[in-house]
There are 2 protein chains.
Amino acid sequence: MATKDPQAPHLARLAALIADETRAACLLALLDGRAWTAGELARHAGVAASTLSEHLGKLVAGGLLTEERQGRHRYVRLADARVAQLVEDLAAQVTPATAVRPRNLRESSAGSAMARGRTCYDHLAGRLGIAVTDALTVRGLLRQDTGFALTDAGLGWFDSAGIHLERTGRRPLARACLDWTERRPHLAGVAGAALCRHALDAGWCVRIGSERAVKVTPSGERALGELLGIEAGALW
Amino acid sequence: MATKDPQAPHLARLAALIADETRAACLLALLDGRAWTAGELARHAGVAASTLSEHLGKLVAGGLLTEERQGRHRYVRLADARVAQLVEDLAAQVTPATAVRPRNLRESSAGSAMARGRTCYDHLAGRLGIAVTDALTVRGLLRQDTGFALTDAGLGWFDSAGIHLERTGRRPLARACLDWTERRPHLAGVAGAALCRHALDAGWCVRIGSERAVKVTPSGERALGELLGIEAGALW
DNA sequence: GGAACCTTTCGGTGAGCGCCGAAGTGTCCG
DNA sequence: CGGACACTTCGGCGCTCACCGAAAGGTTCC
């Protein structure tokens with residue numbers, strides 16, 4: 001019959017971009033939301049620079065990455081929030097099935113820093129992200145029982161905290177993103193991104209090293225306690 | 001360095017399952033939410049039965065499909081709503097980039113029936129799905145401006161319409177699913193599934209042939225008009 | 001201009017995988 | 001019991017693609 005859905009080739013091509021271990025490692029690394037150079041990614045993935053260059057060509061051509069050339073460097077980042085969401089969703093689908101266990105102390109401590117707090121593209125994740133999401137929920141600022149949306153009180157909270165929510169085109173104000181360490185949804189979307197940016201700008205938390213992991217500062221603990229009633233214990 | 005994210009191999013393996021055109025065609029066909037036999041899928045995809053058998057083995061082993069043997073038939077369906085969502089999300093990512101245009105009259109009329117109304121795994125999609133979602137929104141039953149969630153009035157509406165919403169484990173009551181013909185979100189999740197099931201049970205709409213497409217019946221037009229104020233014109 | 005550096009292009013190699021047809025297993029039905 | 005049917009297993013073929021090293025193209029800095 002060979003009817004086949006006309007979407008099938010396109011779907012397969014998109015999945016094929018992610019179906020290579022080296023490219024997958026690049027996409028996961030780029031989930032930190034920042035731009036990496038081709039060389040950094042090559043070292044991270046453990047392949048020759050020439051090999052990685054070809055991979056980047058495919059990912060850019062496929063629309064998953066955007067590039068920005070600066071001098072002799074090629075900076076590359078995830079194309080947009082939709083791509084980030086896609087990679088997150090795929091990663092979340094995979095984690096429950098085959099639990100990722102650390103094999104040595106180094107991985108273990110790096111893993112626990114990631115589990116404590118990290119960025120997930122442009123919003124907060126890990127126990128930190130969950131703590132914030134839960135605090136918003138119990139205070140009636142975020143509604144999770146019938147879906148996932150900010151309440152009117154929630155809009156007011158962002159306003160009074162001085163965090164501006166730009167109602168841009170298609171991106172939803174609030175969206176659930178499945179946390180792959182906590183296995184529960186945390187806040188993403190415009191509000192999640194704005195909150196994360198504010199947290200970094202205001203020094204509530206800082207990045208650890210050059211990875212995705214973040215840690216809460218003393219002033220951040222104070223701010224989260226005052227604004228959301230989060231106790232320091234919830235962040236460990 | 002060869003550090004690499006430990007998730008990378010798993011992510012790549014999952015994507016590889018979808019990265020084959022024949023398997024992608026199967027997954028898209030199975031988006032109708034029903035169980036297909038191996039033979040049906042082989043004919044649909046245009047490959048030998050032996051080839052398809054191997055594909056099904058991989059998809060089942062990978063957790064994307066579940067199988068149910070009945071006599072000499074092997075029935076197979078999407079494993080759960082999460083898998084369906086994943087396939088939908090990938091398909092939605094692909095469609096905007098390369099617009100799928102019908103090439104002949106047959107595809108075109110089949111396409112327009114699909115565009116008018118169809119099921120998307122277990123909920124309504126196409127102009128029908130959008131019309132329902134919009135009607136819920138303008139009546140204050142569904143909130144889309146700050147996320148995507150039913151309102152308290154919305155819970156009451158479902159109750160008074162006699163549609164029971166089972167608050168099961170992890171699945172959200174309401175979730176946005178991007179419609180790939182309308183390019184806008186429609187209602188998915190527990191509420192979307194319950195509404196679709198009720199619409200089929202109550203004869204509001206019926207399936208066309210053996211595909212995903214559905215059409216609204218005269219009694220369905222009446223019911224949608226009375227319960228949600230949807231005019232018949234919005235369904236064409 | 002020359003040296004160091006990042007990236008890209010190119011040829012060649014090897015492994016993986018989708019495909020088929022033929023043969024085998026199991027089920028249903030007359 | 002025997003034939004039709006649905007599916008699976010197996011061997012073999014051919015293509016795709018990730019990988020590398022060597023060489024070339026640009027950029028920056030001295």
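In the text below, chain A, chain B and the rest are named by the order of the sequence lines, each starting its count at 1.
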- Item | Divergence of helical axes at both termini of the helix from C:dG1-D:dC30 to C:dG30-D:dC1 - five pairs an end, 10° steps |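 End-to-end axis angle for the helix from C:dG1-D:dC30 to C:dG30-D:dC1: 30°, rounded to 10°.
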- B:Arg118 and B:Thr181: side-chain donor and acceptor closer than 3.5 Å?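 Their side chains do contain a donor-acceptor pair, which is all the 3.5 Å distance test asks for.
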- Are B:Thr119 and B:Arg207 linked by a side-chain donor-acceptor pair shorter than 3.5 Å?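 Result is yes, a qualifying pair exists.
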[X] side-chain N/O to [N] phosphate OP1/OP2 under 4.0 Å:
X: A:Lys58; N: D:dA18; answer: yes
X: B:Thr37; N: D:dA6; answer: no
X: B:Arg74; N: D:dT8; answer: yes
X: B:His73; N: C:dC28; answer: no

- Message: Let me spell it out: for each of A:Leu56 and B:Asp20, pick the nucleotide of DNA chain C with the closest heavy atom. Which residue's pick is nearer the 5' end?
- Response: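 Here A:Leu56 is the residue nearer the 5' end.
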Taking all atoms of both residues into account, what is the closest heavy-atom pair of [X] and [Y], and its distance?
X: A:Ser219; Y: A:Gly203; answer: OG-O, 3.5 Å
X: B:Lys58; Y: B:Leu17; answer: O-CD2, 3.7 Å
X: A:Ala91; Y: A:Leu28; answer: CB-CD2, 4.4 Å

- Item | Expected output: side-chain B:Asp89 to main-chain B:Ala92 donor-acceptor under 3.5 Å |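 No, the answer is negative, given that no donor and acceptor are paired below the 3.5 Å cut-off.
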- Query: How are the rings of A:His198 and A:Trp204 set to each other: parallel, tilted or perpendicular (split at 30° and 60°)?
  - Reply: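 Perpendicular, since the angle between the ring planes exceeds 60°.
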- Look at the aromatic rings of A:Trp36 and A:His44 and report parallel, tilted or perpendicular, splitting at 30° and 60°.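 Ring orientation of A:Trp36 relative to A:His44: perpendicular.
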Whole-Å distance between [N] [atom2] and [X] [atom1]?
X: A:Arg13; N: D:dC17; atom1: CZ; atom2: C1'; value: 16 Å
X: B:Leu52; N: C:dC17; atom1: CG; atom2: C1'; value: 15 Å
X: A:Glu67; N: C:dT8; atom1: CD; atom2: C1'; value: 12 Å
X: A:Glu21; N: C:dA15; atom1: CD; atom2: P; value: 17 Å
X: B:Glu40; N: D:dA6; atom1: CD; atom2: C1'; value: 12 Å
X: A:His55; N: C:dT9; atom1: NE2; atom2: P; value: 15 Å
X: A:Leu41; N: C:dC6; atom1: CG; atom2: P; value: 14 Å
X: A:Gln70; N: D:dT28; atom1: CD; atom2: P; value: 10 Å

- Test item: B:Ile18 and B:Arg23 side chains (from C-beta on) under 4.5 Å apart, heavy atoms: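 A side-chain contact under 4.5 Å is absent here.
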- Could you write nucleotides 20-26 of chain C as a row of B, S and -, 5' to 3', where a protein heavy atom under 4.0 Å of any base atom gives B, of only sugar-phosphate atoms gives S, and otherwise -? BBB----
